[in-house]
Q: 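Just passing along the structure, written as structure tokens.
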Amino acid sequence: MAEDAQRRPAATRWCAAAAALVATLAASFLAAEVALRRGAGATEPYLRWTYRDEGTGGGPRLLILGDSFFTRWAGGDDVEQRLREGLRGTGVRILNPSVPGYGPYQYLETLIAALARTTPDVVLVSHYVGNDLMDVGCGADASRRLRRITAAAPSLLERSFVVQHVAALAREYFMRHPGFDWSVLTEAGIPEDDVARARRFELNPYVVALGATYPRYYRDTLLFESACAARAWANTQHALDDIVRRASAAGARVVPVIFPHTLQVSRLHHDLYRRWRIEVSDDVLDARQAQDRLLDHYRARGVEALDLLPAFEAATAQLFWDDDEHLNPAGNALAGAEIARFLLERGVVAPRPLVQTTSAHSGSL
């Protein structure tokens, strides 16, 4: 009996300690959640899930489904910033949960998550013809993957800023530490200096590695030369149809925007990619297959898409970085201006009339 009496206080102390630990962790989690939601540190979840307007507010809500071309960079020059400049005076509010590396499947996931938070008036769907097709892939499990994506709205825990912040940190780490066998790149003939720069992430390692792993990658994604590319296009269409259906059911107007690949715009990177053992030729420069398929796909569903390729071809300035296929500030400015022009000309958004106030004694002596 005496031993039982001694054990009970010890057990009580352990239970109290465990309860205190749980309470502390819960309080810390809630405090971090509130801090992140209020913008502490401009974390990725805050940048992704916070509406941004250009001062007037109260206008249409525009949701962007995009990848690195639309990613909102803290204090940086990006396409979204240029788009807001072009839409100044419309009161548009922009929600931009874009993430580098995303494609049609992730866009669908993002749309479902966004519709659990808000009701957009416009859904802008970004397409980058450089990799979106092959990112979807040519596997036969597309239907199963789509069912898994659309099974249910994201849970409260999945919508947590703390959870998303930790996931973003992990995604950034693994993106910058790809599990490549770097010796394979050198053996393929890619210069050692370029391989070393890719390992330091001074060059995009995923592009540099194509010369060793998939040298015909851009021919597939731009020219549709393989059976894999044909299956990937079929998979892509299923994902895009679900995006259009869900956005339209929510009352939003869908606006697809098609970003060209640098190889379609100029020969700026032809020699660079050949140095990396990636197959490049002038028929890729003249390729329009990806744009035409996307335009026809959306047109058949009553949706008008914006193809940026003609504006990029007509530009005299260099629009891409010297050793990267992403847009430089001039490219961001052109893309943002073209998208804003398209939205205004099609009446998707409209300038708000100036409100003039008149004094009750105006005109009197």
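Because the structure is a prediction, the values reported are computed rather than measured.
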Q: Using modelled atom types and a 3.5 Å cut-off, is there a donor and acceptor pairing between side-chain atoms of Asn332 and backbone atoms of Arg82?
A: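 Not a single qualifying donor-acceptor pair exists.
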Q: Going by distance alone, is a donor N or O of one side chain under 3.5 Å from an acceptor N or O of the other, for Glu325 and His269?
A: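 Checked: Glu325/His269 side chains show no N/O donor-acceptor pair below 3.5 Å.
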Q: Can you name the one residue among Asp132, Leu294, Leu306, Leu308 that meets side-chain contact (heavy atoms from CB on, under 4.5 Å) with Ile258?
A: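 Output: one option passes, namely Leu294.
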Q: Check whether any side-chain N or O of Asn328 sits under 3.5 Å from a backbone N or O of Gln318 as a donor-acceptor pair, and report yes or no.
A: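 Such a contact is found between Asn328 side chain and Gln318 backbone.
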Q: Answer whether the closest heavy-atom distance between the side chains of Arg219 and Val284 falls below 4.5 Å.
A: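 Yes, close enough: below the 4.5 Å cut-off.
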Q: Side-chain polar contacts of residues 103-115 - donor-acceptor pairs under 3.5 angstrom, sequence neighbours left out - could you list them?
A:
unit_1	atom_1	unit_2	atom_2	d
Gln106	OE1	Gly103	N	2.9
Tyr107	OH	Asp67	N	3.4
Tyr107	OH	Ser126	O	3.2
Thr110	OG1	Gln106	O	2.8

Q: What distance separates Glu313 CD from Leu319 CG, expressed to the nearest 0.5 Å?
A: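 Separation between the atoms: 11.0 Å.
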Q: How long is the span from the OG1 atom in Thr262 to the CG atom in Leu327, to the nearest 0.5 Å?
A: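 Answer for the OG1-CG pair, Thr262 versus Leu327, is 9.5 Å.
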Q: CG of Asp323 to CZ of Arg275: how many Å apart, nearest 0.5 Å?
A: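 The CZ atom of Arg275 is 8.5 Å from CG of Asp323, to the nearest 0.5 Å.
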Q: According to the disulfide bond (SG atoms under 2.5 Å apart) rule, which pairs have a member within residues 190-243, sequence neighbours left out?
A: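 Passing the test, one end in residues 190-243: Cys138-Cys228.
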Q: May I have all residue pairs that pass disulfide bond (SG atoms under 2.5 Å apart) and include part of residues 158-209, sequence neighbours excluded?
A: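 Every pair satisfying disulfide bond (SG atoms under 2.5 Å apart) with a residue in residues 158-209: there are none.
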Q: To the nearest 0.5 angstrom, please state how far the CZ atom of Phe259 sits from the CD atom of Gln264.
A: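 If I round to the nearest 0.5 Å, the distance is 13.0 Å.
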Q: Any heavy-atom pair between the side chains of Val257 and Phe69 that's under 4.5 Å?
A: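 Contact flag for Phe69/Val257 side chains = no.
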Q: Between Tyr298 (side chain only) and Val255 (backbone N and O only), is there a donor and an acceptor less than 3.5 Å apart?
A: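 Flag not set: sc Tyr298 to bb Val255 has no pair under 3.5 Å.
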Q: If every non-hydrogen atom of Tyr206 is compared with every non-hydrogen atom of Pro178, which pair is closest and at what distance?
A: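 Closest pair (atom of Tyr206, atom of Pro178, distance): OH-CB, 3.6 Å.
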Q: Provide the closest heavy-atom pair for Tyr128 versus His261 in the form atom of the first, atom of the second, distance.
A: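 Reported closest heavy-atom pair: OH-CD2, 2.8 Å.
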Q: Any donor-acceptor pair under 3.5 Å linking the side-chain atoms of Tyr214 with those of Asp220?
A: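 Yes, Tyr214 and Asp220 have a side-chain donor paired with an acceptor closer than 3.5 Å.
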Q: Search all heavy atoms of Ala250 against all heavy atoms of Thr119 and return the closest pair with its distance.
A: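 It is O-CG2, 3.7 Å.
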Q: Identify the heavy atoms of Thr118 and Tyr51 that sit nearest to each other, and give their distance.
A: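 Looking at all heavy atoms of both residues, the shortest contact is OG1-OH, 2.9 Å.
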Q: Taking only residues at least two apart or on different chains, which pairs with a member in residues 255-331 satisfy disulfide bond (SG atoms under 2.5 Å apart)?
A: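 Found none.
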Q: Asn235 side chain to Gly137 main-chain N or O, any donor-acceptor pair under 3.5 Å?
A: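 Checking the backbone N and O of Gly137 against the side chain of Asn235, a donor-acceptor pair under 3.5 Å is found.
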Q: Do the side chains of Val195 and Ser183 get nearer than 4.5 Å, heavy atoms only?
A: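 Result no, sub-4.5 Å side-chain heavy-atom pair not found.
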Q: Find out whether His127 and Leu240 are in side-chain contact, i.e. whether some heavy atom of one side chain is under 4.5 Å from a heavy atom of the other.
A: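 A side-chain contact under 4.5 Å exists here.
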Q: Which residues pass the side chain to side chain contact (heavy atoms under 4.5 Å, CB included) test with His238, sequence neighbours left out?
A: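 Result, side chain to side chain contact (heavy atoms under 4.5 Å, CB included) vs His238: Leu146.
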Q: The criterion is ring-ring contact (aromatic ring centres under 6.0 Å, His included); which residues satisfy it with Phe312, sequence neighbours excluded?
A: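 Here no residue qualifies.
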Q: Output all residues satisfying salt bridge (Lys or Arg N to Asp or Glu O under 4.0 Å) with Glu202, sequence neighbours left out; order by chain, then residue number.
A: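 Only Arg197, Arg200 meet the salt bridge (Lys or Arg N to Asp or Glu O under 4.0 Å) criterion with Glu202.
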Q: So which residues get pulled into Leu25's cluster when ILVMFWY side chains under 4.5 Å apart are joined, directly or through others?
A: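 ILVMFWY cluster around Leu25 also holds Leu21.
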Q: Is there a donor-acceptor pair closer than 3.5 Å between any side-chain N or O of Arg93 and the backbone N or O of Gly59?
A: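 Flag set: sc Arg93 to bb Gly59 pair under 3.5 Å.
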Q: Of all residues at least two apart in sequence or in a different chain, which pass the salt bridge (Lys or Arg N to Asp or Glu O under 4.0 Å) check with Glu279?
A: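 Listed in chain order: Arg216.
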Q: Working to the nearest 0.5 angstrom, can you tell me the gap between Leu223 CG and Ser281 OG?
A: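 That separation rounds to 7.0 Å.
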Q: What I'd like to find out is whether the side chain of Leu83 reaches to under 4.5 Å of the side chain of Leu343, using heavy atoms alone.
A: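 Yes, side chains in contact.
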Q: Distance check, rounded to the nearest 0.5 Å: Arg293 atom CZ versus His297 atom NE2?
A: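 Reported to 0.5 Å precision, the distance equals 12.5 Å.
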Q: So, does Ser68 use its side chain to make a donor-acceptor pair with the main chain of Gly101 at under 3.5 Å?
A: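 No; zero donor-acceptor contacts below 3.5 Å.
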Q: For a quick test of reading the model, state the closest non-hydrogen atom pair linking Ala247 to Val254 and the distance between them.
A: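 Closest pair (atom of Ala247, atom of Val254, distance): CB-CG2, 3.6 Å.
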Q: For the pair Glu85 and Arg88, evaluate salt bridge (charged side-chain N to carboxylate O under 4.0 Å, His left out) and give the outcome as yes or no after the intermediate values.
A: CA-CA 5 Å; Glu85 292 172 1; Arg88 185 172 290 120; 5.2 Å; no
Q: Side chains of Ile278 and Tyr217, heavy atoms from C-beta outward: is any pair under 4.5 Å?
A: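 They are not in contact (no side-chain heavy atoms under 4.5 Å apart), so the answer is no.
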Q: Taking ring-ring contact (aromatic ring centres under 6.0 Å, His included) as the test, write out the residues that go with Phe201, two or more places apart.
A: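 Residues passing ring-ring contact (aromatic ring centres under 6.0 Å, His included) with Phe201: none at all.
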Q: Can you pull out every disulfide bond (SG atoms under 2.5 Å apart) where at least one residue sits in residues 242-320? Sequence neighbours excluded, please.
A: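 Every candidate disulfide bond (SG atoms under 2.5 Å apart) pair involving residues 242-320 fails, so no pair, neighbours aside, qualifies.
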Q: Mind checking who shares a hydrophobic cluster with Phe174, ILVMFWY linked at side-chain heavy-atom distances under 4.5 Å?
A: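 For the cluster that includes Phe174, the remaining residues are Tyr173.
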Q: Closer than 3.5 angstrom, by distance alone: can the side chain of Arg277 be matched with the main-chain N or O of Pro215 as a donor-acceptor pair?
A: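 Side chain of Arg277 to backbone of Pro215, a donor-acceptor pair under 3.5 Å: no, none is there.
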Q: Please examine the side chains of Glu44 and Glu172, heavy atoms only from C-beta on, and report whether any two atoms are closer than 4.5 Å.
A: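 Contact flag for Glu172/Glu44 side chains = no.
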Q: With a 4.5 Å cut-off on side-chain heavy atoms, are Val123 and Ser248 touching?
A: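 Contact flag for Ser248/Val123 side chains = no.
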